[in-house]
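I have placed the structure first, in the form of structure tokens, so that the comments after it can refer back to it.
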Amino acid sequence: MKSFYITTAIDYVNGAPHLGHAYEKVLTDVIARFRRQMGDRVHFLTGADEHGQKVQASARQRGIPAQRYVDETSAEFRALYDRLNVSYDDFIRTTEPRHKQVVQVLLQQLFDAGEIYQAEYRGFYSTRQEQFLQEKDRLPDGAWPELFGEVTEIVETNYFFRLKKHQAWLVDFLTQNEDFIFPRFRQKQVLEFLKDPLNDLCISRPRERLEWGIELPFDKNYVTYVWFDALLNYYSAVVDKGLWPADYNLIGKDILVPPHAVYWPIMLKACGLPPPKHLLVHGWWLQSGAKMSKSTGGAVNPLDLVTEFGVDAFRYFVMREMNVGQDSEFTREQFLVRYNSELANNLGNLVNRTLNMTTRFAAGVLPAAEVIEDAEREVQALWTRTRDEVIPLCEGFQFHTALERTMAFVNATNAYIEKRAPWKLGKSVDPKDAALLRTSLATMAEALRLAVALMQHVVPATTAKINSVLGYTPGADWRAELEWGSKLTGAKVDEALVLFPRPAPPPKTPAKA
Ligand code: MSP
């Protein structure tokens, strides 16, 4: 069994989770579930980034200790991911002893090896991004980009990690490993960034400025600066499992350069550890063209959508709408379009018709197919093409296209039903029509079973429900489940299942008095 270790970014837990955080965890979950179906032994890590100035400030604002604050907010993120059916194997919190210990051991190791030194830091700091800024980060007019929020100048003696020394190695590594970052165009951006000389990385904050962090093992007056602490979670969580390096570190594009593409591989290299095999970089959910974020207000709360439309409608929408790597605008209108046309109408109709007609015309027991004509052969041939196209699309993270193709197959099955018109065949006394009726019931049910098997990693609860109303228990080998056959013959189906109820129409504006 091939092992597959995948991680998400760990969220700053200083506010409520929004659509962007939820998207990333669902995307990682879809990949993890897909790899499990393909037979890999998957380890899926997610977690919370609990140190830093932002958390300290938010806790102070609420007048509670930082630890209590992160206990509460972390639990909120985790509860959301549980609700979203995110099948993580481990949830790491950077305030846990298992993490702090590893960070301290590695810091000491780097200090002893001369990779860390003390010097005066004079420069600018963005609390929102928890990032030390450089002159080149300024806009042409001298202002700091909006992304950084409030920027403050600081002068402090601090500890520095020798980044510059490893720059040539990193360029070499990226040049030789062209597929290190997905999508590939991002790797070119990193190489572009590396054309300028790197500054060494400031990795500490004096305790009097920032209390809420991991103490430097060689100087108790300092704590580590957030990124040095946070990045190591991917390693600390599996140090005793022997799973490093990760197959994929999944992140959003805002934290690629420099944290994940520059600091992270160099930190690992200096520690004598291999880099992750790949970084997978997704884009942003936008609102009116700008990155959705808690600081800009009005961010979409995923729980509201889940409460209104269900977990799988949410998972389906984000995977269907977003082309992994690119940005996507979120609008409720677009959510409703996909929900209504693809889930309620297309898939919902196939489910309703299959259950309803099997109940009406076959006493609820799925018959065997008897007469295979062109209409049936077309559906089966389209199935084979769809499956053979969708699996490689999922392997390449093209879930939006994979879902589009799968839904096209569902649509073709609905068209097949229109063509066969079982409601007419049911009225005929001709035995040939009776055989065709049984064939059409068997064909629609088998097509439905296969279509939802192919979407199982995206909508696992829906797949399970549909299998259940079809009276079917799938086998353990997912690939074997994807063969057209007669697995459903003789199964007793339920009469009805309301999967995706139509949302209530918007309230009418009250008539003026
Ligand atoms: N704590 C750091 C990550 C440390 S990883 C060692 C952080 N946290 S975050 O809460 O700001 O972001 C967590 C993840 O959510 C990041 O990968 C980020 O890109 C993603 N998203 C935050 N807003 C987003 C959107 N609007 N759209 C999509 N994902 C975005 O950065």
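Computed from heavy atoms alone, side chains included, the values below leave out hydrogens, waters and symmetry copies. Numbering of ligands and ligand atoms starts at 1, following listing order.
- Taking 4.0 Å as the cut-off between side-chain N and carboxylate O, Asp327 and Lys253 count as a salt-bridged pair.
- Between Arg35 and Asp247 no salt bridge is recorded (no basic side-chain N to carboxylate O distance below 4.0 Å).
- The closest side-chain donor-acceptor pair between Gln118 and Asn158, if any, does not fall under 3.5 angstrom.
- Classification of Glu96 and Arg93 as a salt-bridged pair fails, no side-chain N sitting under 4.0 Å from a carboxylate O.
- Checked against the 6.0 Å centroid threshold, Tyr23 and His282 count as a close aromatic pair.
- Contact between His260 and ligand 1 is present, with at least one heavy atom of the residue lying under 4.0 Å from the ligand.
- Listed by number with element, the atoms of ligand 1 under 4.0 angstrom from any heavy atom of Asp254 are 18 (C), 19 (O).
- Using a 4.0 Å cut-off between a side-chain N of Lys or Arg and a carboxylate O of Asp or Glu, Asp29 and Lys25 do not qualify as a salt bridge.
- Which parts of ligand 1 touch Ala230 is read off a 4.0 Å heavy-atom cut-off, strictly below it: atoms 6 (C).
- Within ligand 1, the atoms closer than 4.0 Å to a non-hydrogen atom of His282 are 28 (C), 29 (N), numbered from 1 in the order shown.
- Taking a cutoff of 4.0 Å between a charged side-chain nitrogen and a carboxylate oxygen, Lys188 and Glu192 do not qualify as a salt bridge.
- Residue-ligand proximity, Gly252 to ligand 1, at heavy-atom distances under 4.0 Å covers atoms 17 (O), 19 (O).
- Surrounding CD of Glu146 are at most 12 heavy atoms belonging to other residues, nucleotides or ligands under 6.0 Å away.
- Listed by number with element, the atoms of ligand 1 under 4.0 angstrom from any heavy atom of Met292 are 23 (N), 25 (C), 26 (N).
- Looking from atom 15 (O) of ligand 1 to the surrounding protein, the closest heavy atom is His21 CD2, 3.6 Å.
- Salt bridge absent: Lys54 and Asp49 never bring a charged side-chain N and a carboxylate O closer than 4.0 Å.
- Atoms of ligand 1 found under 4.0 Å from any heavy atom of Gly20 (numbered from 1 in listed order, with element): 24 (C), 25 (C), 27 (N), 28 (C), 29 (N).
- Taking distance alone, with nitrogen or oxygen atoms compared against 3.5 Å, Ala9 stays at or beyond that limit from ligand 1.
- For Tyr23, the closest heavy-atom approach to ligand 1 does not fall below 4.0 Å.
- The nearest protein atom to atom 3 (C) of ligand 1, hydrogens excluded, is given as Ile10 O, 3.2 Å; this is a heavy-atom distance.
- The option with the heavy atom closest to atom 17 (O) of ligand 1, from among His18, Gln129, Glu24, is Glu24.
- Asp229 and Lys100 are not joined by a salt bridge, as no carboxylate oxygen comes within less than 4.0 angstrom of a charged side-chain nitrogen.
- Asp11 OD1, 3.1 Å is the protein heavy atom nearest to atom 13 (C) of ligand 1.
- Atoms of ligand 1 found under 4.0 Å from any heavy atom of Asp49 (numbered from 1 in listed order, with element): 1 (N), 2 (C), 4 (C).
- Comparing Tyr12, Tyr234, Phe77, Trp285 by heavy-atom distance to atom 6 (C) of ligand 1, the nearest is Tyr234.
- Of the protein's non-hydrogen atoms, Ile255 CG2, 3.5 Å is the one closest to atom 31 (O) of ligand 1.
- Remark: Glu321 engages Arg338 in a salt bridge, criterion side-chain N to carboxylate O under 4.0 Å.
- Heavy atoms of Gly283 come nearer than 4.0 angstrom to ligand 1 in at least one pair.
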